[in-house]
Engineer: 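Pasting in a structure now, in structure tokens, and then I'll have a few things to ask.
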There are 2 protein chains.
Amino acid sequence: MTSVLVVDDEPQIVRALRINLSARGYDVMTAYDGKSALGVAVAGKPDVVVLDLGLPDLDGVEVIAGLRGWSAIPIIVLSARTDSAAKVEALDAGADDYVTKPFGMDELLARLRAAVRRGLARDGGDPIVETSSFIVDLAVKKVRRDGHEIHLTPTEWGLVEILARNPGRLVSQKQLLQEVWGPMHVNESQYLRVYFAQLRRKLEADPAHPRHLITEPGMGYRLEL
Amino acid sequence: MTSVLVVDDEPQIVRALRINLSARGYDVMTAYDGKSALGVAVAGKPDVVVLDLGLPDLDGVEVIAGLRGWSAIPIIVLSARTDSAAKVEALDAGADDYVTKPFGMDELLARLRAAVRRGLARDGGDPIVETSSFIVDLAVKKVRRDGHEIHLTPTEWGLVEILARNPGRLVSQKQLLQEVWGPMHVNESQYLRVYFAQLRRKLEADPAHPRHLITEPGMGYRLEL
DNA sequence: CCCCGGCCTCAAGAACGCGTAAAAGCCGCC
DNA sequence: GGCGGCTTTTACGCGTTCTTGAGGCCGGGG
């Protein structure tokens with residue numbers, strides 16, 4: 001879950017943000033002054049910080065500097081000051097974005113999404129799907145089991161990739177055949193039986209009693225995590 | 001030098017930006033419509049894009065999507081529309097920032113600096129990829145092995161560069177052929193066999209049993225570190 | 001009880017993709 | 001013109017992968 005640190009000394013703003021962010025599935029932390037904000041940030045490692053500049057103890061730029069000293073967490077500044085000098089100062093101190101109050105919640109949320117998206121891109125978090133007996137790395141196209149790399153043929157990988165991109169969900173035979181063998185072979189369900197047998201031999205602890213590559217008779221297949 | 005692509009159909013805006021940016025040491029490219037903007041971006045690889053939304057040919061969102069398809073270049077959107085729906089749409093399409101016209105030049109420049117700073121942070125560090133038997137220096141386009149520099153032909157370097165920019169990742173045959181030989185030759189997979197044999201002779205300790213330039217049969221190649 | 005559809009397993013030939021070598025073509029340069 | 005470096009093309013042997021068919025298992029329905 002994405003976590004957001006909201007820093008503002010006006011309780012009603014913090015409250016409004018907490019409600020909106022929580023409702024959209026964010027994990028919300030809060031702080032009401034600069035010093036505690038820095039402490040919470042160190043402890044909670046939020047994915048993004050929403051920072052009001054008018055704090056009682058520290059100047060906004062100091063808070064930004066305090067965060068930038070050890071982290072590249074995206075910072076969105078909130079402020080009532082509309083003059084460009086304030087914006088320039090905050091942005092050059094290391095802020096990622098500057099929103100003036102009063103602000104539209106839609107816009108703030110969109111800017112928040114943009115900031116989070118960038119933050120994730122920097123981490124370069126590989127899309128990895130993990131079961132109790134093997135690991136699928138979709139970025140580098142590798143499957144590992146007990147630390148060893150398992151070699152998959154192109155067809156095998158095609159099937160695993162589709163299942164891994166839909167973890168836990170049922171994928172129909174038709175969809176698998178269509179995406180791996182093409183539209184001309186959507187009825188060759190025997191292909192699937194042969195290849196799922198091979199995959200189970202390679203990936204399941206007990207191929208005769210698969211726990212992750214599950215057949216749903218008459219429907220399709222599912223990657224159980 | 002930092003390069004900026006300015007896209008706008010109003011010449012006076014382009015001119016104003018060009019003057020201000022050039023004076024501050026930026027390398028400025030320009031485009032007056034969406035299609036040429038995408039072309040210039042591919043050719044010039046700018047460090048940041050300033051994009052007006054009201055272009056004559058393409059919708060702004062399409063331009064953003066066209067860039068995001070292959071690149072994470074920071075995009076700053078300029079627009080006369082102040083409603084939050086437009087902002088949300090552009091930001092969610094992949095823009096990094098949204099500035100409404102008329103804008104203050106100081107503020108735009110500060111947002112530009114913030115965007116560039118993030119872009120550099122993402123690229124991060126020295127462009128050097130190191131394996132146990134050779135070193136690829138992407139900045140100076142050189143490969144070293146046992147301290148000696150290894151001479152590569154342009155085609156050989158093209159392949160090594162792509163692999164080195166995706167260390168550990170599987171790169172498809174199509175992508176390699178497309179980027180080195182162009183879209184007309186995406187089926188000449190024999191080229192790859194010939195050139196990878198050459199590269200292994202030059203870079204691998206035991207060319208018959210490569211440890212770094214790995215073939216994934218039927219799928220592509222991988223630079224294993 | 002038997003039949004039938006769907007599934008799993010096994011095996012063998014065909015087709016494919018890979019590595020290698022070497023020849024042939026194509027510059028630019030002396 | 002001749003030379004050298006680079007790229008493209010051709011040819012062949014070999015191992016892997018895909019396809020296909022046959023047989024057996026299981027559960028539900030007639």
Side-chain angles (χ1 to χ4, degrees), chain A residues 141 143 149-161 163 170-174 176-222 224, chain B residues 141 143 149-163 170-222 224:
Chain A
K141 301 204 171 172
V143 179
E149 179 183 336
I150 304 286
H151 174 74
L152 297 186
T153 72
T155 309
E156 288 165 355
W157 172 258
L159 293 171
V160 168
E161 180 169 19
L163 292 181
L170 173 64
V171 182
S172 73
Q173 300 196 5
K174 206 155 93 178
L176 290 168
L177 288 163
Q178 162 121 343
E179 297 204 18
V180 176
W181 279 274
M184 318 301 286
H185 301 77
V186 288
N187 295 313
E188 305 277 3
S189 54
Q190 171 66 2
Y191 288 4
L192 295 177
R193 296 189 198 103
V194 173
Y195 274 94
F196 270 90
Q198 276 173 1
L199 284 171
R200 285 171 183 144
R201 272 200 296 280
K202 289 185 176 183
L203 300 179
E204 292 277 2
D206 179 2
H209 303 95
R211 295 182 48 204
H212 304 105
L213 297 166
I214 307 298
T215 302
E216 302 280 1
M219 311 272 300
Y221 295 82
R222 172 202 310 283
E224 196 69 65
Chain B
K141 296 190 187 289
V143 181
E149 178 182 334
I150 303 285
H151 172 72
L152 297 186
T153 71
T155 309
E156 288 167 355
W157 171 257
L159 292 171
V160 169
E161 178 169 20
I162 296 172
L163 292 180
L170 175 60
V171 183
S172 74
Q173 302 194 5
K174 209 155 92 178
Q175 186 184 341
L176 290 169
L177 288 163
Q178 162 123 332
E179 299 204 15
V180 176
W181 280 273
M184 318 301 285
H185 300 78
V186 288
N187 294 313
E188 305 278 3
S189 56
Q190 174 65 6
Y191 290 3
L192 295 177
R193 292 186 207 107
V194 174
Y195 273 94
F196 270 90
Q198 279 171 216
L199 284 171
R200 284 171 184 144
R201 273 200 294 279
K202 290 185 177 183
L203 301 178
E204 291 277 2
D206 179 1
H209 303 96
R211 295 182 49 203
H212 304 105
L213 297 166
I214 306 297
T215 302
E216 299 281 1
M219 302 205 277
Y221 295 83
R222 174 201 309 284
E224 197 70 75

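Residue numbers start from 1 in every chain, and the chains themselves are labelled A, B, ... in the order their sequence lines are given, proteins ahead of strands.
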Engineer: Indicate yes or no: at least one non-hydrogen side-chain atom of A:E224 is less than 4.5 angstrom from one of A:R211.
Structural biologist: no
Engineer: Looking at C:dG17, I'd like to know if its phosphate oxygens (OP1 or OP2) sit under 4.0 Å from a side-chain N or O belonging to B:S189.
Structural biologist: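 No, B:S189 has no side-chain N/O under 4.0 Å of OP1/OP2 on C:dG17.
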Engineer: Is there a donor-acceptor contact under 3.5 Å from the side chain of B:R222 to the main chain of B:E216?
Structural biologist: no
Engineer: Roughly how many Å is it from CD in A:E204 to C1' in C:dC8, rounded to a whole number?
Structural biologist: 14 Å
Engineer: Atom CE of A:M184 to atom P of D:dT19: distance rounded to whole Å?
Structural biologist: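 Going from A:M184 (CE) to D:dT19 (P), I get 14 Å.
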Engineer: How does protein contact run along nucleotides 3-12 of chain D, one letter per nucleotide 5' to 3', with B for base contact, S for sugar-phosphate only, - for none, heavy atoms under 4.0 Å?
Structural biologist: ---SBBBBB-
Engineer: May I have the step-by-step check of side-chain contact (heavy atoms from CB on, under 4.5 Å) for A:W157 and B:L170, ending in yes or no?
Structural biologist: CA-CA 12 Å; A:W157 172 258; B:L170 175 60; over 6 Å; no
Engineer: Using whole Å, what does the distance between atom P of nucleotide C:dC16 and atom CG of B:N187 come to?
Structural biologist: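 The distance from CG of B:N187 to P of C:dC16 comes to 14 Å, rounded to the nearest Å.
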Engineer: Which comes earlier along DNA chain C counting from the 5' end, the contact point of A:R201 or that of A:M219, where each point is its nearest nucleotide?
Structural biologist: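 Here A:M219 is the residue nearer the 5' end.
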Engineer: Parallel under 30°, tilted from 30 to 60°, perpendicular over 60°: which one fits the rings of A:W181 and A:Y191?
Structural biologist: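 Tilted.
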Engineer: Is A:N187 close to A:L177 at the side-chain level, that is, under 4.5 Å between some pair of heavy atoms?
Structural biologist: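 Side chain of A:L177 against side chain of A:N187, heavy atoms only: no contact under 4.5 Å found.
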Engineer: Any side-chain N or O of A:R200 under 4.0 Å from OP1/OP2 of C:dT9?
Structural biologist: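 So the side chain of A:R200 is outside the cut-off, no N or O lying under 4.0 Å from OP1 or OP2 of C:dT9.
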Engineer: In whole angstrom, what separates A:W157's CH2 from D:dT17's P?
Structural biologist: 16 Å
Engineer: Round to the nearest Å and state the distance from B:L176 atom CG to C:dG17 atom P.
Structural biologist: 16 Å
Engineer: Between B:L192 (CG) and C:dC16 (P), how many Å, whole number?
Structural biologist: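 Distance, rounded to whole Å: 19 Å.
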Engineer: Over all heavy atoms of both residues, which pair between B:P217 and A:H151 is shortest? Give the atoms and the distance, please.
Structural biologist: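 So the minimum-distance heavy-atom pair works out to CD-CE1, 4.1 Å.
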Engineer: Do the non-hydrogen side-chain atoms of A:L163 and A:L213 ever get within less than 4.5 Å of each other?
Structural biologist: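 Contact flag for A:L163/A:L213 side chains = yes.
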Engineer: Quick one: closest heavy-atom pair of B:E156 and B:L199, and the distance?
Structural biologist: CB-CD2, 3.7 Å
Engineer: Respond yes when some side-chain nitrogen or oxygen of B:Q173 is under 4.0 Å from OP1 or OP2 of C:dC18, and no when none is.
Structural biologist: yes
Engineer: Can you check the A:H209 NE2 to C:dC7 P distance for me, whole Å?
Structural biologist: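 Taking NE2 of A:H209 and P of C:dC7, I get 18 Å after rounding.
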Engineer: Quick one, A:K202 and A:Q198 - any side-chain contact, counting heavy atoms below 4.5 Å?
Structural biologist: no
Engineer: Take nucleotides 24-30 of chain D nucleotide by nucleotide from the 5' end and write B, S or -, depending on whether a protein heavy atom sits under 4.0 Å from the base, only from the sugar-phosphate, or from neither.
Structural biologist: -------
Engineer: Measure CG/B:L213 against P/C:dG19 and give the value in whole Å, please.
Structural biologist: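 For the pair B:L213 CG and C:dG19 P, the rounded distance is 11 Å.
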Engineer: Closest to the B:R193 side chain: C:dC7, C:dG17, C:dA21?
Structural biologist: C:dG17
